Colleague: 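Shown below is the structure under consideration.
Quick caveat: nothing in here was measured; it's all calculated off a predicted structure. Below, chain A is the first sequence line, B the second, and so on; all start at residue 1.
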Number of protein chains: 2
Amino acid sequence: MSGYAPSEAARRSGFSLDTLRYYEKIGLLADVERTTGGQRVFTDDDLGWLVLFRCLRDTGMPIAQMRRYAQLARDGEHTTDERHELLCHHAARVEEQMRLLQRQYDHLREKIRFYERLPGTTPGSEPD
Amino acid sequence: MSGYAPSEAARRSGFSLDTLRYYEKIGLLADVERTTGGQRVFTDDDLGWLVLFRCLRDTGMPIAQMRRYAQLARDGEHTTDERHELLCHHAARVEEQMRLLQRQYDHLREKIRFYERLPGTTPGSEPD
DNA sequence: CTCCAACCTGGAGCGCGCTCCAGGTCAAGC
DNA sequence: GCTTGACCTGGAGCGCGCTCCAGGTTGGAG
């Protein structure tokens, strides 16, 4: 129930093998277990981190910041305030991102309606 | 009321001068007018295109696709269907993007609540 | 024991979207 | 006319986040 081969970890997390190795190399995932032969064994804990990384990545957090977060978590309990703050700041940026996306989506829809109001005749070249 | 110096076009569009030149170089903005001396003069029409490019860019459309759209528009009235379709496809991707962003934002908020439910004591290392 | 697919490493390469640079030109104000 | 800051060009460089490669090792199935 815990101890996944690299390919299985990749499948479950949705990251490629190369990306998993890359994440370990740059210190996002630290101390991934190994077999005696040196092959990686991912734990449920690792998988949990990967889920979090996906969340942060998909919301546009730069890798440097994820690294910082992961490092803080490794540093222990006394960093919870800082981690909390980091996530809150990020959440605020995400909210802004969502507002912008919504606004531009609305523009896009308006532009699309422009094409749908076209009955065949329109002077003027383009935008609007 | 039309005919903007490069710096003014940059200010109004929010793109850098370098980006404006880049957009022209790769054929997004075509045939920007020039003074006799060779300096660019942006029209209201150009500005309109830039607004559209910003919308498409902010919603994640790759430049290659914007180029395609711009080329279609230059090709004339008979491409309106294709342009419409292109924008619709894009809009669908944006909707998916918004759903994903919302979902991951929800995860993020949940994670943040985890920190806020912390009264000071918590066993286990991290995520969740 | 043999095979072969999955894995390992270090390091190079890539695709995107700009951004910066050198070295020169233009044009508005004094 | 001179100065000076905005502008021009072609091309190199960059930051990000992977992705690919060569050349070698591991380990489970048959």
Side-chain angles (χ1 to χ4, degrees), chain A residues 3-43 46 49-70 90 93 97 100-101 104, chain B residues 3-43 46-47 49-50 52-70 90 93 97 100-101 104:
Chain A
Y4 307 100
S7 57
E8 180 65 10
R11 203 186 55 73
R12 292 193 180 226
S13 68
F15 289 113
S16 75
L17 273 176
D18 268 322
T19 299
L20 294 182
R21 289 194 271 254
Y22 170 67
Y23 280 1
E24 186 181 0
K25 179 150 58 179
I26 63 171
L28 256 188
L29 278 179
D31 304 321
V32 175
E33 287 178 27
R34 303 296 183 114
T35 64
T36 53
Q39 305 202 188
R40 289 177 181 79
V41 179
F42 292 86
T43 63
D46 292 327
W49 274 102
L50 290 173
V51 167
L52 177 59
F53 293 150
R54 175 158 294 284
C55 167
L56 297 178
R57 190 191 82 163
D58 286 352
T59 50
M61 183 184 282
I63 281 186
Q65 221 161 116
M66 293 196 231
R67 274 184 49 166
R68 172 155 179 67
Y69 180 88
H90 179 58
R93 279 191 301 273
Q97 198 189 149
L100 173 62
L101 190 54
Q104 298 292 37
Chain B
Y4 307 99
S7 58
E8 180 66 10
R11 204 186 55 72
R12 292 194 179 224
S13 67
F15 289 111
S16 74
L17 272 177
D18 268 323
T19 299
L20 293 183
R21 288 195 273 253
Y22 170 68
Y23 281 0
E24 186 180 0
K25 179 151 56 178
I26 64 172
L28 257 187
L29 278 180
D31 303 320
V32 175
E33 286 178 27
R34 305 296 184 115
T35 64
T36 53
Q39 306 205 187
R40 288 177 183 79
V41 179
F42 293 85
T43 63
D46 293 326
L47 265 288
W49 274 102
L50 290 173
L52 177 60
F53 293 152
R54 174 157 297 282
C55 167
L56 297 178
R57 190 191 81 164
D58 286 352
T59 50
M61 183 183 283
I63 281 184
Q65 221 162 115
M66 291 196 233
R67 274 184 49 168
R68 171 152 181 68
Y69 180 89
H90 180 58
R93 280 189 302 272
Q97 198 188 149
L100 174 63
L101 190 54
Q104 298 292 36

Colleague: Side chain of A:Lys25, heavy atoms from C-beta onward: which of D:dG17, C:dG11, C:dG17 has the nearest atom to it?
Modeller: C:dG11
Colleague: Round to a whole Å and report the spacing from CZ of A:Arg54 to C1' of D:dC18.
Modeller: 13 Å
Colleague: Distance-only, no hydrogens or angles: does the B:Arg67 side chain make a donor-acceptor pair with backbone N or O of B:Gly27 under 3.5 Å?
Modeller: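 Checking the backbone N and O of B:Gly27 against the side chain of B:Arg67, no donor-acceptor pair under 3.5 Å is found.
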Colleague: Starting at atom CD of B:Glu24, determine the distance to atom C1' of D:dC7, rounded to an integer number of angstrom.
Modeller: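 The distance from CD of B:Glu24 to C1' of D:dC7 comes to 13 Å, rounded to the nearest Å.
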Colleague: Tell me the interatomic distance from A:Leu17, atom CG, to C:dT9, atom C1', rounded to whole angstroms.
Modeller: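 Rounded to the whole Å, the gap is 14 Å.
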Colleague: Nearest whole Å is fine: how far is D:dG17 P from A:Phe53 CZ?
Modeller: 13 Å
Colleague: Can you confirm whether A:Leu28 sits close enough to A:Trp49 that some side-chain heavy atom of one is under 4.5 Å from a side-chain heavy atom of the other?
Modeller: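 A side-chain contact under 4.5 Å is absent here.
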Colleague: Output yes when at least one side-chain N/O atom of A:Arg34 is less than 4.0 Å from OP1 or OP2 of C:dT9, else no.
Modeller: yes
Colleague: In whole angstrom, what separates A:Leu20's CG from C:dT9's C1'?
Modeller: 16 Å
Colleague: Taking the side chain of B:Tyr23 as heavy atoms from C-beta outward, which of D:dT26, D:dT9, C:dC18 is closest to it?
Modeller: C:dC18
Colleague: Do NZ/NE/NH1/NH2 and the carboxylate oxygens of A:Glu24 and A:Arg21 come within less than 4.0 Å?
Modeller: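 Salt bridge between A:Glu24 and A:Arg21, a charged N being under 4.0 Å from a carboxylate O: no.
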Colleague: Just N and O in the side chain of B:Thr19: are any of them under 4.0 Å from OP1 or OP2 of C:dT19?
Modeller: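 For C:dT19, OP1/OP2 do have a side-chain N/O of B:Thr19 under 4.0 Å.
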Colleague: Check this one for me: any side-chain N or O of A:Ser16 less than 4.0 Å away from OP1 or OP2 of D:dC18?
Modeller: no
Colleague: Output the rounded distance in Å from CE (A:Met61) to P (D:dG17).
Modeller: 11 Å
Colleague: When you measure from the side-chain N and O atoms of A:Arg40 to the phosphate of C:dC7, is any distance below 4.0 Å, counting only OP1 and OP2?
Modeller: no
Colleague: D:dG17 P sits how many Å from A:Phe15 CZ, rounded?
Modeller: 12 Å
Colleague: In whole Å, what is the span from the CD1 atom of B:Ile26 to the P atom of C:dT19?
Modeller: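 Spelled out: CD1 on B:Ile26 to P on C:dT19 is 13 Å.
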Colleague: Using only side-chain N and O atoms of A:Thr35, determine if any of them is under 4.0 Å from OP1 or OP2 of D:dT26.
Modeller: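 A:Thr35 to D:dT26 OP1/OP2: no side-chain N or O under 4.0 Å.
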Colleague: Would you tell me if any nitrogen or oxygen in the side chain of A:Arg57 comes within less than 4.0 Å of OP1 or OP2 on D:dC18?
Modeller: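 Checking A:Arg57 against D:dC18: at least one side-chain N or O falls below 4.0 Å of OP1 or OP2.
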Colleague: Could you check whether any side-chain heavy atom of A:Thr59 comes within less than 4.5 Å of a side-chain heavy atom of B:Leu101, counting everything from C-beta outward?
Modeller: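 Yes, their side chains come closer than 4.5 Å.
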Colleague: Taking only the side-chain heavy atoms of A:Pro6 (C-beta and beyond), determine which of D:dG17, D:dC18, C:dC8 contains the nearest atom.
Modeller: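 Nearest to the side-chain atoms of A:Pro6, counting from C-beta on, is C:dC8.
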Colleague: Determine whether B:Leu20 and B:Asp46 make a side-chain contact, defined as any pair of heavy atoms from C-beta on separated by less than 4.5 Å.
Modeller: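 SC-SC contact between B:Leu20 and B:Asp46 ruled out.
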Colleague: Using the side-chain heavy atoms of A:Asp18, tell me which of these nucleotides is nearest: D:dC7, D:dC20, D:dG17.
Modeller: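 Out of D:dC7, D:dC20, D:dG17, the nucleotide with an atom closest to A:Asp18's side chain is D:dC20.
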Colleague: So which one's nearest nucleotide on DNA chain D is more toward 5', A:Arg21 or A:Gly38?
Modeller: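 Mapping each residue to its closest nucleotide by heavy atoms, the 5'-most match is A:Arg21.
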Colleague: Side chain of A:Gln39, heavy atoms from C-beta onward: which of D:dG17, C:dC8, D:dC8 has the nearest atom to it?
Modeller: C:dC8
